[in-house]
Number of protein chains: 2
Amino acid sequence: MDAGLVGRVRRFNRTVTQRIGVLNDAYLARGRSLGQSRVLWEIGPEGIEVRSLRARLDLDSGYLSRLLRALETDGLVVVEADETDARVRRIRLTPAGAVERAELDVRSDELAASILRPLDDAQRDRLVVAMAEVERLFVASLVEVTATDPAHADARHCLRAYAAELDRRFPGGFDLGTAHPAHLSPPAGLLLVARLHGEPVGCGGLVFRGEGVAEIKRVWVAASMRGLGLGRRLVTELESTATEHGANLLRLDSNRALPEAARLYRSAGYQEVAPFNDDPYAQLWFAKTIA
Amino acid sequence: MDAGLVGRVRRFNRTVTQRIGVLNDAYLARGRSLGQSRVLWEIGPEGIEVRSLRARLDLDSGYLSRLLRALETDGLVVVEADETDARVRRIRLTPAGAVERAELDVRSDELAASILRPLDDAQRDRLVVAMAEVERLFVASLVEVTATDPAHADARHCLRAYAAELDRRFPGGFDLGTAHPAHLSPPAGLLLVARLHGEPVGCGGLVFRGEGVAEIKRVWVAASMRGLGLGRRLVTELESTATEHGANLLRLDSNRALPEAARLYRSAGYQEVAPFNDDPYAQLWFAKTIA
DNA sequence: CTGGTTCTCTGACTAAGGTCAGGGAATGGA
DNA sequence: TCCATTCCCTGACCTTAGTCAGAGAACCAG
């Protein structure tokens, strides 16, 4: 990797963590320990189950239990058994706890404001624009793409969302019909799922048709993640996976109701070709020869 | 302050500290405590005095002493008395210590690379550009401007640098001459010094001429800090300070050899006026009426 | 030479963060 | 019904981070 780029990222890391990281901790946890503050913050207004809190903050069960006990004796939270499963415990903020949490909110605002305050209006605008760009690209870099069994809950979530979106956007609706996802499992094919913090946010499938031909299927990106280059990344990873499986020709069909898909494929080097199937939803056919 | 801007800064803080902050600590200090790693890193290849290490990391003297003892028993550093002052102790890295420090360097690179890796070339370039912008504006927001006695070491550093720069840039050189800085002290005037992490990086003076007239003098910004809007900020703060002292007309003289200064004053609303003094270095005169 | 100051170190102590083993209640599937 | 599992809790323990008081050596100004 380009050493110049790496060096600049390191510089950024140093400057920015100095400014936020250090403060964030000390600042936000005034009067209360950082652990307690983090828990208080994460509980949120609707309450939360202890187990999901533990997962989210990645805390040891004994440690979290003690933190909750401390918050409880301070009268900031109440811990009660879940209605449906008495093993599970739910935490709620008391009014006093909500006040403390609001206080954290104010401090967080304060910290943000203290960064903006010394700047003039033009600088503030430039800063916010640049921050948004960095944030988007950071989020993009946090996405992990892994081959996943189509029967896995995450995969099914993606495939369902894919079908729902097509149904919404195609003038005549869309029905996956009898199409069984089995053809997306090895050895007939495979499915890549993109995840952000463990949550599925996109997918892309591949079906091997034999004789070096593979078909791209079911490429979908969550609405909240569009514009981050995730579609492009899925296609690129599908291509390299296809190559690993001995394919040298990739093809796919699409629909005129999805102009952004056609744009993506064209810019990735796919060219429109004659129809190679009679799929009722197919209106455009693309192909690309890969190394 | 605009709540939308604050909210966006907070979003950025959250995403970015999640990505770097958390990692930075745990990651970099693998196998060794964060405190020891920080010290090891800060020692650097040339060694350092214990007292400056203490100042730089803001550590308790007892605590640092213990950290050094631990590093010493691990054979990573040697602590020896300073040659000229036996109270002061100097720390050097042993070869083993240098290896460990290099290891930290590699991990830091790794962290940066792990952010870049999932991105394509175009995204990497965009990220680095946006990071540079954020970093510059963060640095700008870290600068603190305070009124300072012109006799203070920081102030003298700035005034010396100011004179040296003019001497370098004026065709005929520049000599502050007998100009005593006393006129930059209250009540005759004042001097603002801009500091980054306690280091002086800029200044700007004000001299009160009576009858609501104040003169801007000795505006200087360190070469490393140019392009961050610091000059503009100094002028703005000089203006508000002048207002507080009852001035309603600000004026200043400048020289054609400093085009960026003239540009700054013009864009800040200063207009060229007839000469109001016969300073041998003055070639341009500006004035602005303030609220 | 003296007394105050600077610099580092040691001892004693505290709080926070975190790990690990095990126990008891609730649950769900065979 | 019984047994394995899930979920949370408690007790015991450890490291790191950090504070504070004071001691001792070196230095410096008078």
Side-chain angles (χ1 to χ4, degrees), chain A residues 21-43 47-74 76-92 104, chain B residues 17 21-43 47-74 76-92 100 104:
Chain A
V22 179
L23 278 181
N24 229 16
D25 291 3
Y27 212 132
L28 295 185
R30 253 193 307 212
R32 195 160 294 282
S33 79
L34 182 57
Q36 286 186 33
S37 292
R38 287 211 302 155
V39 168
L40 206 54
W41 179 258
E42 210 61 47
I43 291 173
I48 192 173
E49 294 179 356
V50 168
R51 59 178 170 184
S52 60
L53 190 56
R54 196 163 52 229
R56 228 191 274 181
L57 295 174
D58 191 29
L59 294 174
D60 174 81
S61 120
Y63 183 35
L64 176 57
S65 187
R66 249 177 289 269
L67 286 176
L68 290 174
R69 225 46 60 229
L71 290 172
E72 206 174 20
T73 53
D74 284 2
L76 302 179
V77 304
V78 286
V79 181
E80 51 202 0
D82 188 273
E83 290 165 3
T84 62
D85 183 342
R87 290 171 305 181
V88 178
R89 313 206 69 191
R90 292 192 61 84
I91 317 161
R92 274 187 309 106
L104 291 179
Chain B
T17 49
V22 178
L23 279 180
N24 230 16
D25 291 3
Y27 210 151
L28 294 185
R30 253 195 307 214
R32 196 159 293 284
S33 80
L34 182 58
Q36 285 187 33
S37 292
R38 288 211 302 157
V39 168
L40 206 54
W41 180 259
E42 211 61 47
I43 291 172
I48 192 172
E49 293 178 357
V50 169
R51 59 179 170 183
S52 60
L53 190 56
R54 196 165 50 231
R56 229 192 273 181
L57 295 174
D58 190 30
L59 295 174
D60 173 81
S61 119
Y63 182 36
L64 176 58
S65 187
R66 249 177 289 268
L67 285 175
L68 289 174
R69 223 47 59 229
L71 290 173
E72 205 174 20
T73 53
D74 285 1
L76 302 180
V77 305
V78 286
V79 181
E80 51 203 1
D82 188 273
E83 291 164 1
T84 60
D85 183 343
R87 290 170 305 180
V88 178
R89 313 207 68 192
R90 291 192 60 84
I91 318 162
R92 276 187 307 107
E100 278 246 3
L104 291 179

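Throughout, protein chains are lettered first and strands after them, A, B, ... in sequence-line order, and every chain is numbered starting at 1.
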Over how many whole Å does the gap from [X] atom [atom1] to [N] atom [atom2] extend?
X	N	atom1	atom2	value
B:Leu71	D:dA17	CG	P	11 Å
A:Leu57	C:dG17	CG	P	12 Å
B:Asp58	D:dG18	CG	C1'	11 Å
B:Leu59	D:dA17	CG	P	10 Å
A:Asp60	D:dC13	CG	C1'	13 Å
A:Gln36	C:dA15	CD	P	13 Å
A:Leu34	D:dG18	CG	C1'	15 Å

Working to the nearest 0.5 angstrom, can you tell me the gap between A:Leu76 CG and A:Gln36 CD?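 Between atom CG of A:Leu76 and atom CD of A:Gln36 there are 8.0 Å.
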Straight-line distance of B:Leu53 CG to B:Arg38 CZ, nearest 0.5 Å: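 Nearest 0.5 Å value for the CG-CZ distance: 9.5 Å.
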Indicate yes or no: at least one non-hydrogen side-chain atom of A:Glu72 is less than 4.5 angstrom from one of A:Ile91.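 When only atoms from C-beta onward are counted, A:Ile91 and A:Glu72 do not touch, as no gap falls below 4.5 Å.
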Evaluate the side-chain proximity of A:Asp74 to A:Arg32: yes if any heavy-atom separation is below 4.5 Å, no if none is.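 Heavy-atom side-chain distance check passes, below 4.5 Å.
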Within the pair A:Ser33 and C:dG17, is there a side-chain N or O less than 4.0 Å away from OP1 or OP2?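 Answer is yes, contact under 4.0 Å.
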When you check the phosphate oxygens OP1 and OP2 of D:dA26, does a side-chain N or O of B:Arg89 lie under 4.0 Å from one of them?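 It does not, given that no N or O in the side chain of B:Arg89 lies less than 4.0 Å from OP1 or OP2 of D:dA26.
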Report, one line per pair, each donor and acceptor closer than 3.5 Å where one atom sits in a side chain of residues 56-66 of chain A; sequence neighbours left out.
{"residue": "A:Arg56", "atom": "NH1", "partner": "A:Glu42", "partner atom": "OE2", "Å": "2.9"}
{"residue": "A:Asp60", "atom": "OD2", "partner": "A:Gly62", "partner atom": "N", "Å": "2.8"}
{"residue": "A:Asp60", "atom": "OD2", "partner": "A:Tyr63", "partner atom": "N", "Å": "3.1"}

Of the residues in residues 61-70 of chain B, which ones touch DNA chain D at a heavy-atom distance under 4.0 Å?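 Heavy-atom contacts with DNA chain D come from B:Tyr63, B:Arg66.
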Atom of A:Ala86, atom of A:Ala81 and distance for their closest heavy-atom approach: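 Residues A:Ala86 and A:Ala81, closest heavy atoms: O-CB, 4.1 Å.
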According to side-chain contact (heavy atoms from CB on, under 4.5 Å), who are the partners of A:Arg92, at least two apart in sequence or on a separate chain?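 So A:Arg92 forms a side-chain contact (heavy atoms from CB on, under 4.5 Å) with A:Val78, A:Glu80.
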With B:Glu49, which residues qualify under side-chain contact (heavy atoms from CB on, under 4.5 Å), at least two apart?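 Counting only residues at least two positions away or on another chain, B:Glu49 forms a side-chain contact (heavy atoms from CB on, under 4.5 Å) with B:Arg51, B:Ser52, B:Asp82, B:Val88, B:Arg90.
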So if I define the base as every atom that isn't primed, P, OP1 or OP2, how would nucleotides 24-30 of chain C read as a B/S/- string at a heavy-atom cutoff under 4.0 Å? --BS---
Considering only heavy atoms, which members of residues 48-55 of chain B lie under 4.0 Å from some atom of DNA chain C?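 When residues 48-55 of chain B is checked for heavy atoms under 4.0 Å from DNA chain C, the hits, listed by number, are B:Val50, B:Arg51, B:Arg54.
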Options D:dA17, C:dC9, C:dC20, nucleotide nearest the side-chain atoms of B:Val79: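 Nearest nucleotide to the side chain: C:dC9.
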